Amino acid sequence: MKVVKKIDELRNVIKQEKINGNKIGFVPTMGYLHDGHLSLIKKSKEDNDVTVCSIFVNPTQFGPGEDLDKYPRDIERDMKLLKENKCDILFYPDVKEMYPNGFYTKVTLSILTDKLCGKSRPGHFDGVATVVTKLINIVNPDSAYFGMKDYQQLLVIKRVVEDLNLDVNIVGCPIVRENDGLAMSSRNVYLTEKERESALSLSKSFKLVSQLIEKGIKNPQEIKQEVCKFIETHPFTKIDYVELVDIDTLENLNELKDKFLLALAVFVGKARLIDNKIFEIK
Ligand code: AMP
């Protein structure tokens, strides 16, 4: 695996790959890799000739008081995992390489980002949209792979690509979970053993929603309240949001649709965990 830290060098490597007729797949990450990230690498490898993974803990998407400094990092372990999974190129820039002149030009959306995580993390999606636009311009991939775990992020990026005519195919990939249902996340390392048990309340609430719907409950507010009640019975939990929303616009539902997204953000101890599921009522 080639490890590249400089933008110019990466551009030259990619240019050569393209001259050789190779299709490029790109997986942007913040590192501390787990099987969720590796599923994106696997998909990219299936679809492309060359897979580029980036590891960059992007400071501009963290708000004041968030976990930028504490965000878990282990580049040696990540490189080992990437090599084992036959990633071709790792792009591992430092902050100076990505933001040599600060952060004065932003990609800001006037839809989607005022909801869910955007509401509780102001400026977060400006940081995400900007860094992903920069990374796509640097890597110039044919396709880029994102997890549906960050469902809102995926919609935001698809919108940016459409609105700014970025020449890349965005591929959304399913959420990878631990055996007990917990969505894999780099932030799961923050959880103590007891907190981890409570963290299962997020994925367990999906079953509760299915049961409520089977019982004929059609009021989104009522479903939301039941989910909140259920999560709150678990120690160490503090709900950021529980919402039933439209899968395209992320607007709150006034009445249940045949297809909707349940989106959750819950602090469990120090970890802010997110999870989601699309429900289809037959
Ligand atoms: P991160 O390193 O957390 O910024 O995540 C990098 C990419 O991996 C994003 O596209 C995430 O949506 C994706 N990802 C993170 N966790 C999972 C998971 N459990 N399953 C699938 N994709 C994931």
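Note that the structure is predicted; figures quoted are calculated from it, not measured. Numbering of ligands and ligand atoms starts at 1, following listing order.
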Shortest protein heavy-atom distance from atom 4 (O) of ligand 1, along with the residue and atom involved
Met30 CG, 3.6 Å
Distance filter under 4.0 Å to His34 heavy atoms, resulting ligand 1 atoms:
15 (C), 16 (N), 17 (C)
In this structure, atom 5 (O) of ligand 1 is nearest to the protein heavy atom His37 NE2, 3.4 Å
Among Leu208, Val242, Val209, Thr237, which one satisfies side-chain contact (heavy atoms from CB on, under 4.5 Å) with Phe230?
Leu208
Carboxylate-amine/guanidinium contact Arg187 Asp67, below 4.0 Å:
yes
Sole candidate of Arg121, Arg272, His124 that passes side chain to side chain donor-acceptor pair (under 3.5 Å) when paired with Glu66:
Arg121
Which part of Pro28 is near ligand 1, with near meaning a heavy atom under 4.0 Å away: side chain, backbone, both or neither?
backbone
Given 3.5 Å as the limit, does a donor-acceptor pair link the side chain of Asn22 with the main chain of Lys18, or not?
no
Would Tyr145 count as a polar contact of ligand 1, with the cut-off being nitrogen or oxygen pairs under 3.5 Å?
no
Could you list the atoms of ligand 1 found under 4.0 angstrom from a heavy atom of Ile175?
20 (N), 21 (C)
Phe146 versus ligand 1: do any nitrogen or oxygen atoms come within less than 3.5 Å of each other?
no
For the side chain of Lys45 and the backbone of Lys86, is there at least one donor-acceptor N/O pair under 3.5 Å apart?
yes
N-O pairing of Lys80 and Glu84 below 4.0 Å
yes
Can you tell me if Asn20 has over 12 outside heavy atoms packed within less than 6.0 Å of its CG?
yes
Counting only heavy atoms closer than 4.0 Å, does ligand 1 sit against the backbone of Val27, its side chain, both, or neither?
neither
Ligand 1 contacted by Arg177 (non-hydrogen, < 4.0 Å)
no
Using a 4.0 Å heavy-atom cut-off, which part of Pro174 comes near ligand 1: side chain, backbone, both, or neither?
backbone
Does Gly147, backbone or side chain, put an N or O under 3.5 Å from an N or O of ligand 1?
yes
So the atoms of ligand 1 within less than 4.0 Å of a heavy atom of Met184 turn out to be 16 (N), 17 (C), 18 (C), 19 (N)
Kindly indicate, with the supporting measurements, whether the criterion salt bridge (charged side-chain N to carboxylate O under 4.0 Å, His left out) is fulfilled by Asp47 and Lys23.
CA-CA 8 Å; Asp47 295 353; Lys23 244 170 54 177; over 6 Å; no
Would Val176 count as a polar contact of ligand 1, with the cut-off being nitrogen or oxygen pairs under 3.5 Å?
yes
Is it the case that ligand 1 has an N or O less than 3.5 angstrom from some N or O of Asp150?
yes
Within the side chain of His37, is there an N or O that forms a donor-acceptor pair under 3.5 Å with the backbone of His34?
yes
Do side-chain atoms of Asn276 reach the backbone of Met148 as a donor and acceptor pair under 3.5 angstrom?
yes
Leu40: numbered ligand 1 atoms lying under 4.0 Å from its heavy atoms:
7 (C), 8 (O), 10 (O), 13 (C)
